[in-house]
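A short worksheet on the structure shown next.
Below, chains carry the letters A, B, ... as their sequence lines are ordered, and counting in each starts from 1.
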There are 6 protein chains.
Amino acid sequence: MIVTFGEAMIRLTPPDHRRLVQAYTLDVEIGGAELNTAVGIAQLGHPVRWVSRLLDAPMGHLIANRTQEAGVDTRFIQWTSTGRVGVYYLEVGASPRPSRIFYDRAESAIAQIQPGMLPWSEIFRDQRYFYVTGITAALSKGAAEAVLEALKAARQAGLTTVLDPNYRSKLWSVEDAAAWLQQAIHHVDVLVSNPEDIERFFNVKASEVEAGARETATRYSLKAVALTLRETPSVWRNTISALVFADGTSYHGPTVEVEIVDRLGTGDAFVSGLFHGMIQNNWQRAVDYGVACAAIKHTIQGDLPWLELSEVDDLLQGGGMRIRR
Amino acid sequence: MIVTFGEAMIRLTPPDHRRLVQAYTLDVEIGGAELNTAVGIAQLGHPVRWVSRLLDAPMGHLIANRTQEAGVDTRFIQWTSTGRVGVYYLEVGASPRPSRIFYDRAESAIAQIQPGMLPWSEIFRDQRYFYVTGITAALSKGAAEAVLEALKAARQAGLTTVLDPNYRSKLWSVEDAAAWLQQAIHHVDVLVSNPEDIERFFNVKASEVEAGARETATRYSLKAVALTLRETPSVWRNTISALVFADGTSYHGPTVEVEIVDRLGTGDAFVSGLFHGMIQNNWQRAVDYGVACAAIKHTIQGDLPWLELSEVDDLLQGGGMRIRR
Amino acid sequence: MIVTFGEAMIRLTPPDHRRLVQAYTLDVEIGGAELNTAVGIAQLGHPVRWVSRLLDAPMGHLIANRTQEAGVDTRFIQWTSTGRVGVYYLEVGASPRPSRIFYDRAESAIAQIQPGMLPWSEIFRDQRYFYVTGITAALSKGAAEAVLEALKAARQAGLTTVLDPNYRSKLWSVEDAAAWLQQAIHHVDVLVSNPEDIERFFNVKASEVEAGARETATRYSLKAVALTLRETPSVWRNTISALVFADGTSYHGPTVEVEIVDRLGTGDAFVSGLFHGMIQNNWQRAVDYGVACAAIKHTIQGDLPWLELSEVDDLLQGGGMRIRR
Amino acid sequence: MIVTFGEAMIRLTPPDHRRLVQAYTLDVEIGGAELNTAVGIAQLGHPVRWVSRLLDAPMGHLIANRTQEAGVDTRFIQWTSTGRVGVYYLEVGASPRPSRIFYDRAESAIAQIQPGMLPWSEIFRDQRYFYVTGITAALSKGAAEAVLEALKAARQAGLTTVLDPNYRSKLWSVEDAAAWLQQAIHHVDVLVSNPEDIERFFNVKASEVEAGARETATRYSLKAVALTLRETPSVWRNTISALVFADGTSYHGPTVEVEIVDRLGTGDAFVSGLFHGMIQNNWQRAVDYGVACAAIKHTIQGDLPWLELSEVDDLLQGGGMRIRR
Amino acid sequence: MIVTFGEAMIRLTPPDHRRLVQAYTLDVEIGGAELNTAVGIAQLGHPVRWVSRLLDAPMGHLIANRTQEAGVDTRFIQWTSTGRVGVYYLEVGASPRPSRIFYDRAESAIAQIQPGMLPWSEIFRDQRYFYVTGITAALSKGAAEAVLEALKAARQAGLTTVLDPNYRSKLWSVEDAAAWLQQAIHHVDVLVSNPEDIERFFNVKASEVEAGARETATRYSLKAVALTLRETPSVWRNTISALVFADGTSYHGPTVEVEIVDRLGTGDAFVSGLFHGMIQNNWQRAVDYGVACAAIKHTIQGDLPWLELSEVDDLLQGGGMRIRR
Amino acid sequence: MIVTFGEAMIRLTPPDHRRLVQAYTLDVEIGGAELNTAVGIAQLGHPVRWVSRLLDAPMGHLIANRTQEAGVDTRFIQWTSTGRVGVYYLEVGASPRPSRIFYDRAESAIAQIQPGMLPWSEIFRDQRYFYVTGITAALSKGAAEAVLEALKAARQAGLTTVLDPNYRSKLWSVEDAAAWLQQAIHHVDVLVSNPEDIERFFNVKASEVEAGARETATRYSLKAVALTLRETPSVWRNTISALVFADGTSYHGPTVEVEIVDRLGTGDAFVSGLFHGMIQNNWQRAVDYGVACAAIKHTIQGDLPWLELSEVDDLLQGGGMRIRR
């Protein structure tokens, strides 16, 4: 029903808040924006397919296997004999030391992609949604073009397209990102972002968030704009919320205070929950489940949102913090 | 001096807040309401005996060995060749994801108990107190009858009987629990509970906690009623307190804010501290040590309260949070 | 192409050769005879489907997820709300202390199966082989009948049926096993066993292994009989081999000395390799790959044979023990 | 029934054959010659009491608790407010690098003992055997005298006394050890040693082991002399055996090849098995169980022999190396 | 440029907030007040030398190696064949259970020091600062004298001397400490302390902190007095700050709320940051970097401040708590 | 005294013989041929300097820090802002599954080197030996030229040059390697290799090893040729030896059977021991210590040879396999 497309890396994290220079073991997780979202969608019970390119070596198979473990369809992973499997190192912080990520992702198999390499019409057959982020486009020139190719093919095949710009300054400049987004936005139905990024890339002032969402939607004729909101009083405790502007209406999600086990992939989990509502054509449910999935993801180790639908429901119904026996 | 009677299980916990589906190792602890209380009593320096039935296999001996490790007398464990050693799985949460427990305890050796199987008069010889919870009664029909048998035998042997209903909805219905409790309460001297349960089982309104304790004590001619109180603003931070109604007086324990390492067994640790005061016939001390033991238990891994009397004293004297060197 | 049917349990192993009574953490693996074989088949590159019944709880999903991780089709797992997820504890030995297994598998979801519960005609559609072991039949009366039902349905659907009696004395008596096998053997095309078991159940003297295989095949009109052979000079070092009698000919596999990381599931891995040859209608290849897969499995942690086809090839071509860079 | 007396230390071992300079975690075990023997006796099912002095701090309680865990009576541990809890570091080797031990045991609570400190007549009431090693005597002058005091008190109370010289060159010189042993031997009934030590201390040539045992027994009017024998072809594989000379007869134990998980405490486990036979007044059984317990101990992590009587029986009956299910 | 002098111990910490009696593994760190400060100085980019005495055994080399790892010059470590390597055990708490430290440091190689043993004039050649704490002086009589010797030699060689009294009640009495400090203060240029200690040892009322610093500086003709300030509302969350009085002026550092990963060594990290400013003759920078280094140290496992200068800068510039990618 | 030059990578190893696809944690080590040799030299007590290029990020500093930890001079590491820190994954095998290495080392900082980048004359000032392997040359064209540059500069500065071709087929073809070696050999004094490589690259038949060494030495006017010899009967047990041809004489090292904890870096440790003898101008000692260091390295976790000189001596004097207390 849903197709996502992007990179996945092996994540290596020193345990127990250790720094990398103090690491004698590293915890192994996999992660990637669109992969994370796909896993959340699968956990919520919907069919989902993740498309990527991976090196045919144990490091690549580790990623594919664990994607399958989470119930995501991997049949359209393209296996290569060249390119790397990217790695990223995470140092988990505590106030006043923020967490840090060190990427070692250059020259991955998917960064070597060129338009025409993937069979999009076959990939999109009988599917309803396509999701991709700006990270995939930022990997290389070829990747930027391949994402455009995919967005167009998805639209042509009748899919609803969803894009999160998800800006990463290590991968491309604001200028390059903005230029690509100005092209891409015309093939997009639903935009997922945050106030900073819509200001940065679409020049929509974020001072008044709701108006910003409305203006962005209107200017680019989008079906919907979803914006996530976050306050960061400390490294171990954040407050999150979101709003969706769609059909001329603003839908507000709940505001949730979170105790943070793993901050990574929480934005991607938001998108998983958003799809849960979108599939049911219910924008209020979309923003509610988006916030609830993102909130719960903060409490789950690794980038992948190992959610259960029943606990998301429970949270939205105010189930409370007591032990469930 | 004190006898407790009940089930113990092997507890299996994925480390580092992982979910069960993410578990590649499990931490091994043992736990059981009456066992936990017995361990706390032993750590506070009092002789205590734990009675149970266990399968004669390494899983059963693991439980008995670690009970001995904590200084509890295990000579009245009845070893069996049938029945299982129950297991429970714990997922440790973080706000807004509550912790979860999955029990796999059916058909344990103690659930197969029948009245007449245990030599109560021998067990109670030269003892002063008997403690049991509703969990033991809930394990099976035979267990419910065996607990009644034990309560009667204890009274007959001159012991003071203490009961915590400790309702578990997975084990029996409210109706079955209430029916059993209405029988049992007549063989009980001291009731340990919480506002929800005295409302649920004894139909005593909990809106005014102190009055509830008084009414329960009066109605059932109890020596004392102890009620524990908890606020749960987040998964990692709770506030606890308690009161005891005895001798026509209400005794209030301190209110303590806790940072939670392990939430399990904190109610059982309360009872350990309560006994510390009861033994000295001092109800104020009972409620104070009950709250202090429960508070410290929140900071200790596993179900067992590995307390030291001196640190409980230190807490009650306002020792503060600085490092002890 | 291949369907296997049986139980899977969570395996809990104290690390570093510890005994259970010394365990403070347990390594988590999943295992089950037919599941193990299915995983090996998938790793060798063939489509394979594992059929089972599992409790709809995290313990059940852990099993299903990791089965998917290994590339096995799980769509015909039947999810239940009753029954347990079985557990088994493994103590890894060293000479002269043999390894030990303690099963806690009674009342699992699959032990509660009855004939008619699983949609065999749908399961077998477009499949070529069906594999099951006597362990599944031994779980309960219902399971014994369900396996017979499945064998008949498989034959009717045109599949080749393969059976390994795999006797477990904790599950049933030799008499009960023999009685069931005398029924089952008439619906079997290929028998996988060892000299002890063909003597025990089919009364075929194992003193001369090759003749035993021949006699068994002839007596029951089997397409093939495969027998595995093992010498156990120490706990950490074994020697294994096998032979297949088929088409009136004996095919001998290589004899391989193994350094043992994990002894479990090695017989099941043999069957995986056997299928690799059977699929190609090449009995010599079947016995060779069977032995090679079993040999390599001894070096892999857990019950699941995380093999690579290229390394099995390499072993059969005498690649040697030097590091592969 | 049996009393043992001596030091116990916390053992710290870098995992996975790491050297100390490579250690980022250390495995925690407890060990001490007479403690190890006591634990083995308890595991074989006999009542046993371990006497020592320990610092009243968590490091001391860790030792006492784990001694209780193994079923050993700890009531005669004398708690002190001065002295240390000794530590020893173990580096586990592999051929050609032998294992190494670094002791940090000076000034332990038991090294500060003086004669008169322990209530021997109370300790020995209703007991049958007393076991001590030369290590305890070697700890300090006071300890040497206290051991002599204990041996005399034991004899006076009607106990059979058993001594293993167990020479440690880091603790005392050969001369000091010999001088002490020449005093002590006159209060000893059963001597446990090895060919090197009876040559070194009693000047009995070990070239012919059986004759050496006989001569030692005769010269000192001993009830029995037990000698353990070991071949060390590699660090991971040894061959062990033993003989006992008693009642004018030589009793030979089996010769067992062992795969080594943990070499420490194997001589102490021999003495545990020896007691199992001595209690039954059966010297053949004593040497057989001695060798079998020692052999199995090589496969068990830590110094403590977590044996089961049934597996010792099984080994002596030639049970073989196959998995026990 | 900077020389520090003192003891280092091996620190052993049960993981995951476990108590010592619950420890089956211990995390290994090294720590010592002056060593910690030296490491922080090295991480900030300045040449620094740590002087000590260590036993020539793997436990001693572990300390020296890890000191080198952090970039500290170890050439003036004096290797001994007698004395111990001290150990300390840390139990990490949670409210309301404070963290606890159990020292086992008596008779370490450095406690056996006597004046004249170390070549101070060689050690101080071409160096600018000397730092030592009262802990070193408290180790033994010889150590107290050796520190005085070192302070005098440093002054003579033209170095600026910095002292933190760092009172440890387990090592000496307040009277002994005060007597020594009254001698030492006359050889000190910069005093680092806290309000409690300047009241305790110099009889300067701490009720008004700024005035206390001023009075202490004036009375003893110190170049500067630095005082650290801490609030301890819970075990996992503290608030810290500091002030420096120098040149007739008070310099206030920022107030920082910290989430605590490891509380140890935070005062020592303050001194590292202080040196960063002192070297630049900038007292405002000294107090700012002192507080920032101390704050970040709370988030770093172990005693050693594995800081990066750029992140200290970032904190002082208000960089915020968001992930750094 | 000795300078080595080359790459170092972070090594990531799944623990407990796990495969990469089964890895949930990875053990972190550092390794690199010339680094490993340098560490061994430092452990044997000789001054040694390792020259490399590293990315100025925590992954690079991890390598430099741990090199310092082992006592190696790192002042000539060149820090870069481009290029990667290479990684390699190790799967530890067991017979019949050989160990496997997966390199991810392309585009490391040192692979980007060009001649002229490193200050060789400064690096070589006051040094006696220069050691490099063919691996460094194989990293890139620039690296191949830089190694030649270094060899020439070393000779010019009066150093003795030592080269191990150390062929890695993943890095370059036999042809490319041979071409480079034919150039390099003219700047080499001592060649370290094995029979396969001298046949492969210098066309010297290895059938008669001693003659091969002699012929190679003569043909290229080398001071010495050292050849290592290995038999690989299983993955966990090898037999090693070596010979040196120098001064017209063959020097044979001992033959040692090893139990393998970690096979990596054993050839590099041989070179460390070789230097120990070379420095003393004693070729017999060189080959003896080479073999002994290599043998002991097989028992040490990681690539780095954490040796002690005294244990190497002990091995060469036939110390035996008993525990050292």
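For the residue pair A:Glu69 and B:Val21, the shortest heavy atom distance occurs at OE2-O, 4.2 Å. In terms of heavy atoms, A:Val261 sits closest to B:Trp236 at CG2-CZ2, 3.9 Å.
Between B:Arg97 atom CZ and A:Asp314 atom CG the span is 12.5 Å, to the nearest 0.5 Å.
Salt bridge annotation for A:Arg325-B:Glu91: absent, with no cationic side-chain nitrogen under 4.0 angstrom from a carboxylate oxygen. Under a 4.0 Å N-O distance rule, the pair B:Arg100/A:Glu308 qualifies as a salt bridge.
The shortest side-chain heavy-atom distance between A:Met321 and B:Pro96 falls under the 4.5 Å cut-off. Residues B:Leu264 and A:Ile323 meet the side-chain proximity criterion, which asks for heavy atoms closer than 4.5 Å. For the pair B:Ser95 and A:Thr299, the minimum side-chain heavy-atom distance is 4.5 Å or more.
Neither the backbone nor the side chain of B:Tyr89 comes within contact range of chain A; no heavy atoms are under 4.5 Å apart. Contacts of A:Ile240 with chain B are absent, with no heavy-atom separation under 4.5 Å from either backbone or side chain. Heavy atoms closer than 4.5 Å to chain B are found in the side chain of A:Glu29, but not in its backbone. Both the backbone and the side chain of A:Val258 come within contact range of chain B, judged by heavy atoms closer than 4.5 Å. In this structure, chain A has a heavy atom under 4.5 Å from the side chain of B:Arg168, while its backbone stays farther away.
Without hydrogens or angle criteria, A:Gln301 side chain to B:His17 main chain gives no donor-acceptor distance under 3.5 Å. With hydrogens and angles ignored, the 3.5 Å screen pairs no side-chain donor or acceptor of A:Arg324 with any backbone N or O of B:Ser99.
There is a side-chain donor-acceptor pair under 3.5 Å between B:Ser234 and A:Glu259.
Residue B:Gln112 places its CD atom among more than 12 non-hydrogen atoms of other residues, nucleotides or ligands, all under 6.0 Å distant.
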Step-by-step side chain to side chain contact (heavy atoms under 4.5 Å, CB included) determination, A:Ile300 to B:Gln22: CA-CA 10 Å; A:Ile300 295 172; B:Gln22 296 178 297; 3.8 Å; yes
